K.L.:
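Sending over a structure as structure tokens; questions will come in a sec.
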2 protein chains.
Amino acid sequence: MSKILNTVTIDVGARLRSVRTTFGVSQRELARRAGVTNGLISLIEQNRVSPSVSSLKKVLDGVPMSLAEFFTLDLSATPQAFFGIDELVELGNPDVSLRLVAAQRPSRQLTVLHERYVAGAATGEDMMAHRGEEAGVVIRGRIEVTVGGATRVLGPGEAYYFASQLPHRFRNVGRETCEIISACTPPTF
Amino acid sequence: MSKILNTVTIDVGARLRSVRTTFGVSQRELARRAGVTNGLISLIEQNRVSPSVSSLKKVLDGVPMSLAEFFTLDLSATPQAFFGIDELVELGNPDVSLRLVAAQRPSRQLTVLHERYVAGAATGEDMMAHRGEEAGVVIRGRIEVTVGGATRVLGPGEAYYFASQLPHRFRNVGRETCEIISACTPPTF
DNA sequence: TGCTCTTGTCTAAGATCCTAAACACCGTGA
DNA sequence: TCACGGTGTTTAGGATCTTAGACAAGAGCA
């Protein structure tokens with residue numbers, strides 16, 4: 001009776017094999033460093049077992065690589081690297097323009113936006129809250145940023161950084177259009 | 001004979017409990033969504049077992065959250081959110097200024113920099129290559145960007161996005177200072 | 001050819017994970 | 001007071017992971 005492979009679309013085996021060969025070590029050498037057996041590494045790489053987190057941690061310690069890095073790996077080839085102004089994808093509205101870098105890219109780890117708020121514009125009545133972290137630098141104009149109860153007006157060259165779980169809101173309280181370059185991870189768009 | 005807990009400094013249990021309570025679901029509800037038993041979730045949260053990757057994946061699918069996000073979680077409280085111009089930490093040199101947002105933050109997921117290249121400045125003779133992804137938007141001046149063999153000159157409003165493993169290099173080929181807001185993950189500073 | 005060293009794979013047996021079911025606790029309401 | 005529905009915990013046993021060791025295939029060398 002043949003086993004049903006537990007591939008679960010993560011393919012731990014392929015990732016591990018990729019990492020191991022990239023670092024140029026054999027199954028036995030990695031096993032020795034990690035304090036496990038070479039057979040286990042063979043089975044993991046074939047997806048014949050789904051290793052426990054503690055085993056996988058031990059194995060990766062031998063490389064070394066963190067679990068976070070391991071699961072964040074992108075196994076695909078690399079696509080378009082440069083983007084002209086009209087290749088940024090517009091996601092916002094006339095008042096709040098959000099122009100996304102590398103929107104076409106399949107599995108981004110990073111969202112970088114060129115944001116423009118016309119005078120008086122804001123990110124809506126409700127506070128936003130989602131996973132991840134975000135940061136940005138004001139390059140023109142002035143904007144009021146509210147994060148988890150705290151509010152501050154930021155001008156050109158000033159910056160913010162916060163965990164996105166905190167409720168947050170942006171509002172252009174100046175007279176001119178405000179521009180921000182922002183980044184967040186993991187990508188929300 | 002009492003068991004030795006396999007904590008391995010990751011504390012999967014605390015992470016899972018934190019995630020579950022943040023999303024406001026009970027062990028039984030999460031178990032139902034994930035297709036596992038509530039007992040397993042209890043055992044994992046107490047670090048009485050080190051779950052297999054496939055089990056942990058199933059559990060996180062019920063939240064939902066990816067394994068990469070899970071292992072990248074920061075369990076600490078949230079610190080300073082706003083940064084004045086002189087609170088950005090200078091990391092570069094007179095020719096290439098790199099001003100880092102939230103440098104003080106212990107475990108950032110994101111590096112955001114305000115970069116300034118004086119006319120003729122570049123990021124050194126050798127190409128750089130490290131893990132992760134990086135992206136940026138030019139806000140003033142013109143810069144020549146080389147990524148894995150390809151070269152392009154970018155001006156204000158134009159952008160780049162690439163995997164950091166690719167050898168890359170920046171060079172200001174214009175006459176005025178060039179400014180860029182850039183982001184990369186995982187953080188390299 | 002024959003020996004040696006390396007590689008990755010396979011297979012019992014032991015260790016650990018995971019399930020099913022029961023348990024104890026707490027708050028609510030009849 | 002008792003039942004009820006909710007919470008998280010515990011435990012025996014079946015399922016799966018992990019080990020120890022054997023196996024086969026390839027490369028280098030005498």
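In this text the structure is predicted, and so the values were computed from the model without any measurement. Just so it is clear: chains get the letters A, B, ... in the order the sequence lines come, proteins before strands, and each one is counted from 1.
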K.L.:
Show your reasoning for whether side chain to side chain contact (heavy atoms under 4.5 Å, CB included) applies to B:Val12 and B:Ser50.
P.N.:
CA-CA 8 Å; B:Val12 171; B:Ser50 175; 5.9 Å; no

K.L.:
Given B:Gln46 and B:Ser42, is the side chain to side chain contact (heavy atoms under 4.5 Å, CB included) satisfied, shown in steps?
P.N.:
CA-CA 6 Å; B:Gln46 298 171 82; B:Ser42 177; 2.9 Å; yes

K.L.:
Just wondering, do A:Phe70 and A:Leu16 contact through their side chains at under 4.5 Å, heavy atoms?
P.N.:
yes

K.L.:
In whole Å, I'd like the distance from the NZ atom of B:Lys58 to the C1' atom of D:dT16.
P.N.:
11 Å

K.L.:
Can you tell me how far the CD1 atom of B:Ile181 sits from the CG atom of A:Leu113, to the nearest 0.5 Å?
P.N.:
13.5 Å

K.L.:
What is the distance from CG of B:Asn47 to P of C:dC17, rounded to the nearest Å?
P.N.:
11 Å

K.L.:
Could you pull out the closest heavy-atom pair between B:Arg142 and B:Asn172, with the gap in Å?
P.N.:
O-OD1, 3.1 Å

K.L.:
Run through B:Glu158, B:Glu179, B:Glu115 and flag the one making a salt bridge (Lys or Arg N to Asp or Glu O under 4.0 Å) with B:Arg140.
P.N.:
B:Glu179

K.L.:
Grab the two heavy atoms, one from B:Leu56 and one from B:Pro51, that are nearest each other, plus how far apart they are.
P.N.:
CB-CG, 4.3 Å

K.L.:
Whole Å only: how far is the CG atom of B:Leu30 from the P atom of D:dT7?
P.N.:
12 Å

K.L.:
Return the value, rounded to whole Å, for the distance between atom CD1 of B:Ile44 and atom P of D:dC17.
P.N.:
14 Å

K.L.:
Can you see which heavy atom on B:Gln27 is nearest to which on B:Asn38, and at what distance?
P.N.:
OE1-O, 4.1 Å

K.L.:
Pairs under 3.5 angstrom, nitrogen or oxygen only, protein versus nucleotides 5-7 of chain C, please.
P.N.:
from: C:dT7; atom 1: OP1; to: A:Ser26; atom 2: OG; distance (Å): 3.1

K.L.:
Going by the side-chain hydrogen bond (donor to acceptor under 3.5 Å, both in side chains) test, name the single residue among B:Arg152, B:Arg171, B:Arg169 that passes it with B:Glu144.
P.N.:
B:Arg171

K.L.:
Contact class for B:Thr37 vs. all strands (heavy atom < 4.0 Å): base, sugar-phosphate, or nothing?
P.N.:
base

K.L.:
What's the shortest heavy-atom distance between A:Gly174 and A:Ala119, and which atoms?
P.N.:
O-CB, 3.6 Å

K.L.:
Using heavy atoms to find the nearest nucleotide of DNA chain D for B:Ser52 and B:Glu45 separately, return the residue whose nucleotide is more 5′.
P.N.:
B:Glu45

K.L.:
C:dT19, D:dT9, C:dG8: which one has an atom nearest the side-chain heavy atoms of B:Arg17?
P.N.:
D:dT9

K.L.:
Salt bridge or not between A:Asp11 and A:Arg15? Use side-chain N to carboxylate O under 4.0 Å.
P.N.:
no

K.L.:
For the helix from C:dT1-D:dA30 to C:dA30-D:dT1, figure out the bend between the end axes, five pairs an end, and round to 10 degrees.
P.N.:
10°

K.L.:
Name the pairs: protein N/O against N/O of nucleotides 10-13 of chain C, kept only if under 3.5 Å.
P.N.:
from: C:dC10; atom 1: OP2; to: A:Gln46; atom 2: OE1; distance (Å): 2.9
from: C:dC10; atom 1: OP2; to: A:Arg48; atom 2: NH1; distance (Å): 3.0

